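Accompanying notes for the structure given below.
For the numbers below, each heavy atom of this structure counts, side chains included, while hydrogens, waters and symmetry mates do not. Since this is a predicted model, take the numbers as computed values, not measurements. All residue numbers in this chain count up from 1 along the given sequence.
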Amino acid sequence: MHLWLAFFMIACCMACSSDTTDRNQEGASAPTGEKPQALRQITFGYQPSTHQIAFMTAWDKGWWRQALEGEGIAVLNEKVFPTGAPEMQAMLTGRLDVAYVGAAPFITALGQGLDAKVVAAVQNQGSDLVLRPEYPYNDPEDLKGLTIATFPPGTIQDTLLRGWLMKNGIDPKKDVDIRGMGPGDAISAIGGRNVAAVFLPHPAPAIIETEGNGRSVVRSGQMEPGHACCVLVATGGLIREYPSLVEKIVAVHIRATRYNIAHPDEAAQIFSARTGFDVEKVKKSLRDWDGAWLTDPADIAASAVAYAKIQNELGYIDKSLTEDDIFDHAFYRAAAASAR
């Protein structure tokens with residue numbers, strides 16, 4: 001079994017299992033008007049994608065612990081998820097405090113009542129539509145009648161793919177067969193000729209191409225230039241009751257992102273060591289993708305609001321959302337000013 005497939009199977013099991021970490025009752029929300037009690041532990045969620053290496057770099061270098069110990073945090077927990085949908089379910093049920101996640105599944109969760117905000121951008125673009133070698137491709141019309149695997153409904157990839165198909169006159173419910181899968185299952189499906197195409201974030205497209213099971217025909221930046229992808233999310237409780245903690249989280253994220261941009265080969269090594277992906281394939285992914293690591297939420301705000309509109313049209317959420325519903329820019333502005 002490939003190491004990446006084993007890793008994704010473990011990730012799926014972790015995401016579906018019950019939370020084995022007792023939530024710190026000292027960090028529970030205080031009644032209105034009372035000073036919040038000390039928070040002793042914090043739980044991060046993330047996914048095994050090159051989009052979110054900032055979290056991994058900060059963890060492996062000890063930057064999270066170094067920064068948050070000063071805020072009284074004694075225990076740091078991390079939970080890995082195969083896609084954003086189960087990650088946001090974990091946040092909805094109170095099992096995550098902070099999440100590296102796609103903007104689209106976060107928006108879906110907001111529509112389901114999640115109390116949280118985006119406090120920083122993580123990355124834009126960075127997904128590819130990969131078609132098996134035997135299928136021709138000249139334009140979106142060539143996709144009619146094909147089966148395409150992508151992440152489950154409400155994720156970035158699902159939202160972006162369906163929106164792009166509709167813009168090109170293709171009904172995503174009638175003209176193609178879109179199947180929601182985790183990354184490991186989707187890579188296996190195209191390799192086994194069970195689907196004609198996949199639309200996945202990196203490093204999956206680079207792996208599929210390297211193994212000869214497909215070629216990238218459309219990049220996500222061609223579907224929607226500069227589109228939002230991953231974001232850094234904090235719960236409303238953290239934002240209201242522990243603002244200095246949230247600012248430090250954003251500051252660490254900025255530090256890790258800048259470090260990865262300056263040291264891409266080391267970032268690839270960190271990712272490879274954590275996930276079992278072949279490091280040369282990871283380096284190829286970072287050379288080939290059209291994504292960019294970034295931190296300023298203002299850079300992706302308009303795109304995230306557009307996702308909310310698409311999700312409303314698709315029936316994923318009951319109403320569209322505004323920038324103020326989705327973002328809190330204050331923490332980024334404060335952390336970025338301190339980092340200069």
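- Checking side-chain atoms of Asn312 against main-chain N and O of Asp318 turns up a donor-acceptor pair under 3.5 Å.
- Shown here for Pro297 and Ala120, the closest heavy-atom pair between the two residues is CD-CA, 4.1 Å.
- Under the 4.5 Å side-chain heavy-atom criterion for ILVMFWY residues, a single connected hydrophobic cluster contains both Leu39 and Leu232.
- Ile73 and Trp63 fall within a single hydrophobic cluster, where Ile, Leu, Val, Met, Phe, Trp and Tyr are joined by side-chain heavy atoms under 4.5 Å apart, directly or via other members.
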Criterion side chain to side chain contact (heavy atoms under 4.5 Å, CB included) on His253 and Val119, from CA distance to verdict: CA-CA 10 Å; His253 169 64; Val119 293; over 6 Å; no
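- A side-chain donor from one of His227 and Ser220 sits under 3.5 Å from a side-chain acceptor of the other.
- From Glu323, atom CD reaches atom NE2 of His329 across 4.0 Å, with rounding to the nearest 0.5 Å.
- Listed here is the closest heavy atom pair of Gly111 and Ile317: CA-CG2, 3.9 Å.
- Put simply, Leu146 and Leu165 are part of the same group of oily side chains (I, L, V, M, F, W, Y) that touch within less than 4.5 Å, one to the next.
- Between the side chain of Thr159 and the main chain of Ile156, no donor-acceptor pair closer than 3.5 Å is present.
- Counting heavy atoms from C-beta outward, Leu96 and Phe81 have side chains that approach closer than 4.5 Å.
- Proximity of a side-chain donor or acceptor of Gln52 to a complementary backbone N or O of Ser49 within less than 3.5 Å is not detected.
- Contact check for Ile42 versus Ile249: side-chain heavy atoms found under the 4.5 Å cut-off.
- Donor-acceptor pairing under 3.5 Å is lacking for the side chains of Tyr100 and His51.
- Rounded to the nearest 0.5 angstrom, Asp158 CG and Thr108 OG1 are separated by 8.5 Å.
- Two residues are said to be in side-chain contact when any heavy atoms from C-beta on lie closer than 4.5 Å; Asn168 and Leu143 fail this criterion.
- Atom CZ of Phe331 and atom CD1 of Ile239 lie 5.5 Å apart (nearest 0.5 Å).
- Note that NZ of Lys117 is 9.5 Å distant from CZ of Arg240, once rounded to the nearest 0.5 Å.
- In this structure, Thr155 contributes its side chain and Pro152 its backbone to a donor-acceptor pair below 3.5 Å.
- Only one option out of Val198, Asp128, Thr210 pairs with Pro205 in a side chain to side chain contact (heavy atoms under 4.5 Å, CB included); it is Asp128.
- Between Met88 and Ala109 the shortest heavy-atom distance is CB-CB, 3.8 Å.
- When the side chains of ILVMFWY residues are joined at heavy-atom separations under 4.5 Å, either directly or via intervening members, Leu314 and Val176 end up in two distinct hydrophobic clusters.
- At least one donor-acceptor pair under 3.5 Å links the side chain of Gln125 to the backbone N or O of Gly226.
- Side chains of Val130 and Arg215 form no contact here, defined as non-hydrogen atoms less than 4.5 Å apart.
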Do Arg40 and Val75 pass the side chain to side chain contact (heavy atoms under 4.5 Å, CB included) test, and can you show the C-alpha distance, the side-chain angles, and the key distance before you say yes or no? CA-CA 6 Å; Arg40 299 302 182 194; Val75 179; over 6 Å; no
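- More than 12 heavy-atom neighbours from other residues, nucleotides or ligands sit within 6.0 angstrom of NZ on Lys167.
- Annotation: side chain of Lys144 is in contact with side chain of Glu141 (closest heavy-atom distance under 4.5 Å).
- Looking at Gln123, its side chain does come within 3.5 Å of a backbone N or O of Cys230 through a donor-acceptor pair.
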Check against side chain to side chain contact (heavy atoms under 4.5 Å, CB included), Lys61 and Gln66: CA-CA 9 Å; Lys61 290 187 174 295; Gln66 178 185 8; over 6 Å; no
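- For Arg132 (side chain) and Val195 (main-chain N/O), no donor-acceptor pair under 3.5 Å exists by modelled atom type.
- Judged by distance alone, the side chains of Asp325 and Thr322 do bring a donor and an acceptor atom under 3.5 Å apart.
- Counting all heavy atoms, side chain and backbone alike, Thr50 lies closest to Trp293 at O-NE1, 3.1 Å.
- No donor-acceptor pair closer than 3.5 Å links the side chain of Gln157 to the backbone N or O of Phe151.
- Between Val101 and Val231, the closest side-chain pair of non-hydrogen atoms falls below 4.5 Å.
- Electrostatic pairing of Lys284 and Glu280 does not count as a salt bridge here, judged by no charged N lying under 4.0 Å from a carboxylate O.
- Within the 3.5 Å criterion, the main-chain N or O of Leu238 finds a donor-acceptor partner in the side chain of Thr235.
- No more than 12 heavy atoms of other residues, nucleotides or ligands shown are found within 6.0 angstrom of NZ on Lys173.
- Looking at every heavy atom in both residues, Tyr316 comes nearest to Pro153 through OH-CB, 3.7 Å.
- Of the charged side-chain nitrogens involved, at least one lies within less than 4.0 Å of a carboxylate oxygen, so that Glu211 and Lys281 count as a salt-bridged pair.
- Under a 3.5 Å cut-off, the side chain of Ser272 and the backbone N or O of Phe277 do form a donor-acceptor pair.
- Listed by chain and residue number, nothing satisfies the side-chain hydrogen bond (donor to acceptor under 3.5 Å, both in side chains) test with Asp175 (two or more places apart in sequence, or in another chain).
- Hydrophobic clustering of Ile, Leu, Val, Met, Phe, Trp and Tyr side chains at less than 4.5 Å, counting indirect connections, unites Leu161 with Val218.
- Separation of atoms CG (Asp139) and CD1 (Ile170) is listed at 8.0 Å; rounding is to 0.5 Å.
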Evaluate the criterion side chain to side chain contact (heavy atoms under 4.5 Å, CB included) for residue pair Trp164 and Leu160; output intermediate values, then yes/no. CA-CA 6 Å; Trp164 175 72; Leu160 194 62; 5.6 Å; no
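- In this structure, Trp289 and His202 have perpendicular ring planes: the angle between them is above 60°, well past the 30° mark.
- Trp59 and Phe55 have tilted rings, their planes meeting at an angle from 30° to 60° on a 0 to 90° scale.
- Gln311 and Pro105 make their closest contact through NE2-N, 4.5 Å (heavy atoms, listed as atom of the first residue, atom of the second, distance).
- With a 4.5 Å cut-off on side-chain heavy atoms, Met166 and Pro172 count as touching.
- Of the inter-residue distances, the one linking Glu87 atom CD with Lys79 atom NZ reads 11.5 Å to the nearest 0.5 angstrom.
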